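Scroll down for the structure; my scribbles are underneath it.
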Amino acid sequence: MTALTELSDAELQDLVVQAGGKAFQARQVAHWLWKHGVTDYAQMRNVPARLRDALAAAHAVQASRVRHADLAEDGTEKLLVEFGDGETVECVIIPDGERTTLCISTQVGCPVGCVFCASGMFGVRRNLTAAEIAEQVLHARARLGEGRRLTNLVVMGMGEPMLNLDGLLPALRRIHDPDGIGMGARRITVSTSGYPRQMERFAAADPSYNLAVSLHAADDRLRKQLVPTATSPVAEIVAAAHRYFGQKGREVTYEVVLLDGKNDRPRDADAMIALLGQLPCTVNLIPWNPVEEIVAREGLRRPQTLRVDAFAAALRAGGLKVTVRRQRGADRSAACGQLRLRQSPPPAGAPAG
Ligand code: SAH
Ligand code: SF4
C-alpha cells in the first residue's frame with residue numbers, strides 16, 4: 001500500500017478529486033502530512049470523514065514508523081526507523097547548545113564500502129524513497145518536546161546521497177518547501193563521498209544547500225585504499241564541489257576521517273594544502289570512531305589527540321581553515337557514519353555490495 005507521503009502534490013490532488021473531494025482539500029491533507037506530521041487519518045480534523053475513508057482504503061498515511069528509540073546520556077537520541085518491507089535505517093537527533101541537528105540516512109546500507117565505515121560493511125540493500133527520507137524529519141520533530149525544534153539537518157547517516165538522487169532531491173524539496181516541512185536550505189548539509197557527475201546533477205537541481213565532501217586523502221592512491229570504489233580523481237571531485245556554488249563563493253566543507261598512521265602524516269597534510277589551499281573551504285577533521293569488527297579486520301586505529309592536533313596545526317600553517325570534531329558520547333554510541341550495525345545486523349547471506 002503506497003503511503004500518502006509518497007505522492008507528489010499533483011498526485012495527491014488527483015486522488016482527492018477522484019475520491020469526490022476538492023483541490024483545496026488536497027492542500028489541507030498535505031498540511032496535515034508535512035506541517036503536522038500526523039500518523040493517522042483521524043487526526044486530519046478538517047477533512048470530511050468520507051474523504052478520509054476513501055483515502056484510507058487505498059493508502060497508509062506514512063511509509064515508515066519508529067521501531068525503537070534510544071536516548072543517550074548526553075541527550076542524543078537515535079531512532080530506528082522501519083519501512084513497510086521490514087528494512088530499517090537510523091537517524092540521530094543531536095542537541096548541541098542552541099542547536100538541534102538531525103542526521104538522516106538515504107540508503108539501507110551503502111555501496112561505497114569505505115574501509116573505516118560501518119554503514120558500508122554489508123553493501124547496499126536498497127535506496128530509500130523520497131518519503132522514507134523525508135519522514136525521518138517528521139519522526140525526529142515529533143520526538144522533540146515543547147519549545148524545541150530542529151535547527152539543522154545533515155544528510156550524513158547511512159548511504160551515499162549522490163547515488164540516490166531520485167530519492168534525495170524530492171525529499172529535500174519537501175523538507176525545504178514552506179508548504180512542506182519548511183526548513184531553510186542553508187540549514188541543510190548534504191555529505192558525499194564524491195561523485196562529480198551526480199554532483200553536477202545535484203547542482204543543477206538546487207545549489208542552495210550546504211555541501212560537504214568526504215575527502216579523507218588528497219592523494220589518489222591513498223584515497224583509493226580508503227574509498228575502494230572511488231573512481232574519480234580527487235581533482236575532479238574538488239572541481240565539481242566548487243562548481244556547485246557557481247560564482248557565489250560559498251565554502252565547501254571537506255571531511256577527513258583521521259586514521260592513525262594512514263592519512264594523518266605530515267605528507268598527507270602537505271598534499272591537502274596543495275589541493276585545497278587556494279579554495280574557499282573548511283576542513284573538518286574527524287578522528288575515526290573505532291568499529292570493533294573493522295579494527296579486527298583492517299587493523300585501523302583512531303589517532304591520539306596529539307597527532308590530530310599536529311595534523312590540524314600543519315593544515316592551518318598551510319593557510320587552511322580547520323575544525324576538529326569533538327568526541328561526544330553520541331559518537332561512541334553510534335552517531336552519523338556508523339549506524340544500524342549494533343541494532344539490526346543484516347541477515348546472513350546479505351549481499352556484500
Ligand atoms: N556517504 C556520505 C554520507 C554519510 S557518511 C559520505 O561518505 O560523506 C558521513 C560522514 O561520516 C562521512 O564523512 C564519513 O566519512 C564519516 N564516517 C563514517 N564512518 C565513520 C567512523 N567510523 N568514524 C568517524 N567518521 C565516520
Ligand atoms: Fe558509504 Fe559514506 Fe560510509 Fe563511505 S563513509 S561507506 S560513502 S556511508
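First listed ligand is number 1; within each ligand, the first listed atom is number 1. Numbers here are sequence positions counted from 1. Given the structure is predicted, the values throughout are model-derived calculations rather than measurements.
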Worksheet entry | Region of Glu255 that comes within reach of ligand 1 [heavy atoms, distance under 4.0 Å] | side chain
Item to complete: Can you see which heavy atom on Gly318 is nearest to which on Ile273, and at what distance?
Response: O-CG2, 3.5 Å
Worksheet item: Under the ring-ring contact (aromatic ring centres under 6.0 Å, His included) rule, what pairs show up with a residue in residues 211-240, not counting sequence neighbours?
Response: Phe116-His216
Worksheet item: What atoms of ligand 1 come closer than 4.0 angstrom to any heavy atom of Thr192?
Response: 6 (C), 8 (O)
Item to complete: Please report the shortest heavy-atom distance between Val308 and Pro303, naming the atom on each side.
Response: CG2-CG, 3.9 Å
Worksheet item: ligand 2 versus Ser193, non-hydrogen atoms closer than 4.0 Å: side chain, backbone, both, neither?
Response: side chain
Discussion item. With a 6.0 Å cut-off (strictly less than), is the heavy-atom count around CZ of Arg186, excluding the residue itself, greater than 12?
Written reply: no
Worksheet item: Can you list every salt bridge (charged side-chain N to carboxylate O under 4.0 Å, His left out) pair that touches residues 145-172, not counting sequence neighbours?
Response: Asp166-Arg201
Worksheet entry | Atoms of ligand 2 close to Gly113 [distance to a heavy atom under 4.0 angstrom, numbered from 1] | 6 (S)
Discussion item. Can you name the atoms of ligand 1, numbered from 1 with element, that are less than 4.0 Å from a heavy atom of Ile286?
Written reply: 24 (C), 25 (N)
Discussion item. Side chain or backbone, does Gly159 bring an N or O within less than 3.5 Å of an N or O on ligand 1?
Written reply: yes
Worksheet item: Heavy-atom contacts under 4.0 Å between Val112 and ligand 1: side chain, backbone, both, or neither?
Response: neither
Worksheet item: What atoms of ligand 1 come closer than 4.0 angstrom to any heavy atom of Ser214?
Response: 6 (C), 7 (O), 8 (O), 12 (C), 13 (O)
Item to complete: May I ask you to list the atoms of ligand 1 that are less than 4.0 angstrom from any heavy atom of Ser193?
Response: 6 (C), 7 (O), 8 (O)
Worksheet entry | Ligand-residue contact atoms, ligand 1 with Cys117, heavy atoms, under 4.0 Å | 18 (C), 19 (N)
Discussion item. Within the structure provided, determine whether Glu132 and Val81 are in side-chain contact (heavy-atom separation under 4.5 Å).
Written reply: no
Discussion item. Which of the numbered atoms in ligand 2 are under 4.0 angstrom from any heavy atom belonging to Cys117?
Written reply: 3 (Fe), 5 (S), 6 (S), 8 (S)
Worksheet item: Which part of Met158 is near ligand 1, with near meaning a heavy atom under 4.0 Å away: side chain, backbone, both or neither?
Response: neither
Worksheet item: Looking at atom 4 (Fe) of ligand 2, is one of the N, O or S atoms of Cys110 less than 2.8 Å from it?
Response: no
Worksheet entry | Arg265 atom CZ, over 12 foreign heavy atoms within 6.0 Å | yes
Worksheet item: Atom CD1 of Ile188 and atom CD1 of Ile104: how far apart are they, to the nearest 0.5 Å?
Response: 8.0 Å
Worksheet item: Checking side-chain contact (heavy atoms from CB on, under 4.5 Å) against Arg143, which of Leu79, Leu71, Leu150 comes through?
Response: Leu79
Worksheet item: NZ of Lys22: more than 12 outside heavy atoms within 6.0 angstrom?
Response: no
Worksheet item: With respect to Asp260, which candidate in Arg302, Arg307, Gln304 satisfies the side-chain hydrogen bond (donor to acceptor under 3.5 Å, both in side chains) definition?
Response: Arg307
Worksheet, complete the sentence: Within the 4.0 Å heavy-atom cut-off, what Val257 brings close to ligand 1 is side chain
Worksheet entry | Heavy-atom gap Cys110 to ligand 1 smaller than 4.0 Å | no
Practice prompt. Considering the heavy atoms of Val112, write down every atom of ligand 2 situated less than 4.0 Å from one of them.
Written response: 1 (Fe), 7 (S)
Worksheet item: Looking at His216, which atoms of ligand 1 are within less than 4.0 Å of one of its heavy atoms?
Response: 15 (O)
Worksheet item: Would Gly159 count as a contact of ligand 2 if the rule is a heavy atom under 4.0 Å away?
Response: yes
